[in-house]
Amino acid sequence: MNNRLYYGDNLEILRNREYFPDECVDLIYLDPPFNSNRNYNVLFKSESGADSEAQITAFEDTWHWGETAEATYDDIIVDAPHKVSTAIAALMDLIERNQMMAYLVMMTARLVELHRVLKPTGSLYLHCDPTASHYLKIVLDAIFSPENFRNDIVWKRTSSHNLGAKQWSAVHDDILMYSCSTNWRWNASYQEYEDDYVDKFYRYQDERGRYRVSDLTGGKAGGPEAYRPWRGRNPYSGRAWALPKHRRFPDWIRELLPTESEWDKLGIHAKLDLLDSHGIIHWPQKDTGVPALKRYLENAPGKTAGDVWADINPISPTAKERLGYPTQKPEALLERIIRASSNAGDVVLDPFCGCGTAIAAAHKLGRGWIGIDITHLSIALQKYRLQDMFELVSGADYEVIGEPATVDGARELAQDSANEGRYQFEWWALSLVRAKPVGGSAGSRKGKKGADAGIDGIINFFDEDEKGKKKPQTVVVQVKSGKVNSGQIRDLKGTVEREGAALGVFITLENPTGAMTREALAAGWYESPAWGKKYRRLQILTIGDLFDGADVEMPPQHGTLQRASRWKRGGVSEAGESQRDLI
């Protein structure tokens with residue numbers, strides 16, 4: 001399957017067999033929206049009554065009980081597998097109709113489809129909050145079967161904090177792992193040793209570094225020679241000299257040894273002599289001590305990872321990978337999951353992909369990927385991230401399905417009032433010129449209500465001041481999907497002057513009038529000292545123009561949303577000459 005992003009409701013997209021045939025993905029990670037900061041009692045409060053609509057507005061980052069939740073519940077009871085419908089009916093008796101039950105019903109419908117598209121060797125990781133994890137586990141047991149429950153991973157996402165409550169501080173998330181069958185793909189995962197462990201066990205050191213020692217004796221006889229002293233030292237009482245198989249030595253040691261067939265021909269004493277000649281044998285200070293094999297810290301994979309992950313920190317405010325998305329997870333967290341449960345070339349699916357951390361981690365590790373999100377703001381952010389990190393271009397290196405491809409499609413998006421079409425169109429249009437939205441919440445389907453001071457988006461770039469020093473500059477962007485007139489261009493001119501911006505850009509779905517064009521031309525030019533060029537101070541771009549390849553005429557290397565660091569194969573990140581530190 002080709003790499004691709006989908007815009008839209010993931011339930012509808014997952015149910016489309018042309019997009020997602022049975023058993024087509026190898027690994028699923030999902031971090032569905034859930035407001036863990038919401039008062040626990042409010043989550044279980046009935047939403048019947050006049051105030052339910054107000055609650056929806058106040059709590060838009062999760063689902064609410066209404067017509068959609070009721071219809072989905074009915075579908076599950078009638079059409080879902082028996083165990084699933086039984087589990088949901090039981091939860092309804094326990095929880096009743098409220099925000100929590102709406103969340104569980106809507107998640108169940110999606111998890112049924114995710115189970116369908118997962119290969120038999122695949123796994124699913126559901127990132128959730130302890131408020132809902134126990135209910136979700138019941139749902140997952142019904143869909144995947146209890147025997148395919150693998151882990152409840154605890155990720156310490158923050159340090160302890162005092163909220164003034166008479167309870168333990170909530171500092172972790174849950175990540176529920178289920179396999180699709182009992183034959184799931186697995187690659188051993190390791191964590192770094194703690195300092196006290198290293199100090200206790202890797203207490204020796206030579207020119208190669210710190211090392212620990214392991215026994216060179218075994219209980220099974222390897223012939224008479226194995227029981228005889230070697231260099232005046234005897235093996236432990238009742239034991240014989242013994243070594244690992246050739247293939248079980250670390251790579252760096254195997255490079256020093258003869259081939260496996262030649263190695264097998266050597267006697268045990270000759271093998272020990274050869275290892276000692278390369279400095280791989282540890283000799284105790286006591287003359288009666290038993291020599292041991294050196295195992296270096298540098299070559300140790302680490303300790304086998306358990307189900308408590310306290311070694312992956314949340315994204316700090318100053319982290320280079322931070323993109324400003326409210327629920328962004330660290331790439332290291334996704335890389336651990338992807339490494340453990342998939343191989344190169346496998347397909348990773350994130351049906352709530354947000355700012356695209358799972359997508360970026362999958363691409364970095366050589367996996368294929370599919371992402372789905374219900375806001376154009378998130379899709380735009382992922383497109384920027386893929387371009388900044390990997391120089392991937394939408395339409396050439398991967399597909400984006402669900403975005404307008406024609407002017408009529410753009411008009412349809414703008415007129416979709418049921419799906420906040422005005423904001424969706426605005427975010428999508430801003431993404432065409434890589435402008436950062438102003439007033440939009442990255443995790444929300446709604447824009448900021450009220451006056452926007454005449455600014456829908458901004459583009460930042462660097463120029464020079466009169467002394468030749470680097471100076472940040474701004475392009476102000478307005479987007480209109482309805483009727484347009486010359487007064488709007490005059491307003492944009494006033495906004496540019498008020499904000500001290502270098503340029504103003506007016507993006508319109510409808511064609512501009514002659515009066516608008518004259519107003520824009522009358523605004524004059526912006527002269528760039530650094531580039532020695534002039535640019536129209538006010539520019540009008542139609543959606544048709546942008547489809548035809550037009551772009552904002554401005555100094556190059558302009559930045560937008562917080563830019564992801566350029567990724568270099570081998571894991572070394574490169575900041576490059578970006579605008580990242582400015583925005």
Side-chain angles (χ1 to χ4, degrees), residues 150-151 153-154 182-312 336 339-341 343:
R150 304 271 73 92
N151 288 104
I153 299 166
V154 173
T182 56
N183 181 30
W184 69 98
R185 183 161 293 143
W186 180 252
N187 303 308
S189 182
Y190 300 92
Q191 296 172 294
E192 290 188 10
Y193 297 122
E194 286 90 356
D195 291 342
D196 57 350
Y197 179 90
V198 172
D199 292 340
K200 180 178 180 180
F201 291 99
Y202 288 88
R203 60 182 186 271
Y204 304 106
Q205 188 163 353
D206 63 13
E207 65 278 2
R208 288 195 179 106
R210 299 184 69 161
Y211 67 89
R212 63 181 300 175
V213 297
S214 62
D215 198 358
L216 281 173
T217 66
K220 294 182 179 180
E225 183 185 26
Y227 291 95
R228 291 198 292 267
W230 171 64
R231 297 199 180 178
R233 304 292 178 103
N234 291 307
Y236 292 112
S237 178
R239 296 171 69 82
W241 297 112
L243 287 170
K245 295 286 187 181
H246 186 280
R247 61 180 176 275
R248 294 192 178 279
F249 280 107
D251 290 344
W252 72 273
I253 292 182
R254 287 205 305 271
E255 292 176 358
L256 303 174
L257 302 179
T259 64
E260 184 171 7
S261 60
E262 294 173 341
W263 174 261
D264 291 341
K265 296 175 183 179
L266 298 176
I268 186 65
H269 284 192
K271 291 178 179 178
L272 291 169
D273 286 338
L274 186 57
L275 291 173
D276 192 40
S277 70
H278 291 295
I280 304 171
I281 301 296
H282 170 80
W283 290 88
Q285 292 182 351
K286 293 183 179 180
D287 294 340
T288 57
V290 179
L293 184 67
K294 295 180 181 179
R295 296 192 180 274
Y296 289 91
L297 177 62
E298 181 181 354
N299 304 113
K303 65 178 181 179
T304 302
D307 60 4
V308 177
W309 297 355
D311 60 326
I312 298 178
R336 176 172 292 174
R339 288 181 191 276
S341 294
N343 294 331

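Values in this document were obtained by computation on a predicted structure and should not be read as measured data.
Within the 3.5 Å criterion, the main-chain N or O of I153 finds no donor-acceptor partner in the side chain of N151. Under a 3.5 Å cut-off, the side chain of H269 and the backbone N or O of R231 do not form any donor-acceptor pair. The backbone N or O of G289 sits less than 3.5 Å from a side-chain atom of R233, completing a donor-acceptor pair. Without hydrogens or angle criteria, W186 side chain to N183 main chain gives no donor-acceptor distance under 3.5 Å.
Pairing each heavy atom of S189 with each of A340, the nearest pair is CB-CB, 4.4 Å. R254 and R247 make their closest contact through NH1-O, 3.2 Å (heavy atoms, listed as atom of the first residue, atom of the second, distance). Nearest approach of V290 to N234, heavy atoms of both residues: CG2-O, 3.5 Å. In terms of heavy-atom proximity, R228 sits nearest to W241 at O-NE1, 2.9 Å. Counting all heavy atoms, side chain and backbone alike, E225 lies closest to G267 at OE1-CA, 3.7 Å. Nearest heavy-atom pair, R208 versus I280, reported as atom, atom and distance to 0.1 Å: NH1-CG1, 4.2 Å.
Taking the ring-ring contact (aromatic ring centres under 6.0 Å, His included) definition, one finds that Y296 meets it with Y211, W252, sequence neighbours left out. Under the ring-ring contact (aromatic ring centres under 6.0 Å, His included) criterion, Y236 pairs with no residue at all, not counting sequence neighbours.
Once rounded to the nearest 0.5 Å, the distance linking OH of Y197 with CG of L297 reads 10.0 Å. Note that the OH atom of Y190 and the NZ atom of K303 stand 13.5 Å from one another [nearest 0.5 Å]. Atom CG of D273 and atom CG of L266 lie 10.0 Å apart (nearest 0.5 Å). K294 contributes atom NZ, which lies 11.5 Å from atom CH2 of W283 (distance to the nearest 0.5 angstrom). Rounding to the nearest 0.5 Å places CG of L272 at 6.0 Å from CG of L216. Atoms CD and NE2, from E262 and H246 in turn, are 9.0 Å apart once rounded to the nearest 0.5 Å.
A salt bridge links D311 to R336: at least one charged side-chain nitrogen sits closer than 4.0 Å to a carboxylate oxygen. In this structure, D307 does not pair ionically with R150, as no charged nitrogen and carboxylate oxygen lie closer than 4.0 Å.
Proximity of L256 to L274: side-chain heavy atoms (C-beta onward) are nowhere separated by under 4.5 Å. Using a 4.5 Å cut-off on side-chain heavy atoms (C-beta onward), D215 and R239 make contact. P284 places none of its side-chain heavy atoms less than 4.5 Å from the side chain of V213.
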Evaluate the criterion ring-ring contact (aromatic ring centres under 6.0 Å, His included) for residue pair Y193 and Y202; output intermediate values, then yes/no.
-> CA-CA 10 Å; Y193 297 122; Y202 288 88; 5.8 Å; yes
Let me see the working for I268 and W230 under side chain to side chain contact (heavy atoms under 4.5 Å, CB included), right down to the final yes or no.
-> CA-CA 9 Å; I268 186 65; W230 171 64; over 6 Å; no
Please test L243 against R248 for side chain to side chain contact (heavy atoms under 4.5 Å, CB included), starting from the C-alpha separation and ending with a verdict.
-> CA-CA 10 Å; L243 287 170; R248 294 192 178 279; over 6 Å; no
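Counting non-hydrogen atoms of other residues, nucleotides and ligands closer than 6.0 Å to CD of E192 gives a total of 12 or fewer. Within 6.0 Å of CD on E298 lie no more than 12 heavy atoms contributed by other residues, nucleotides or ligands. Annotation for D195: atom CG does not count as buried by contact number, only 12 or fewer foreign heavy atoms lying within 6.0 Å.
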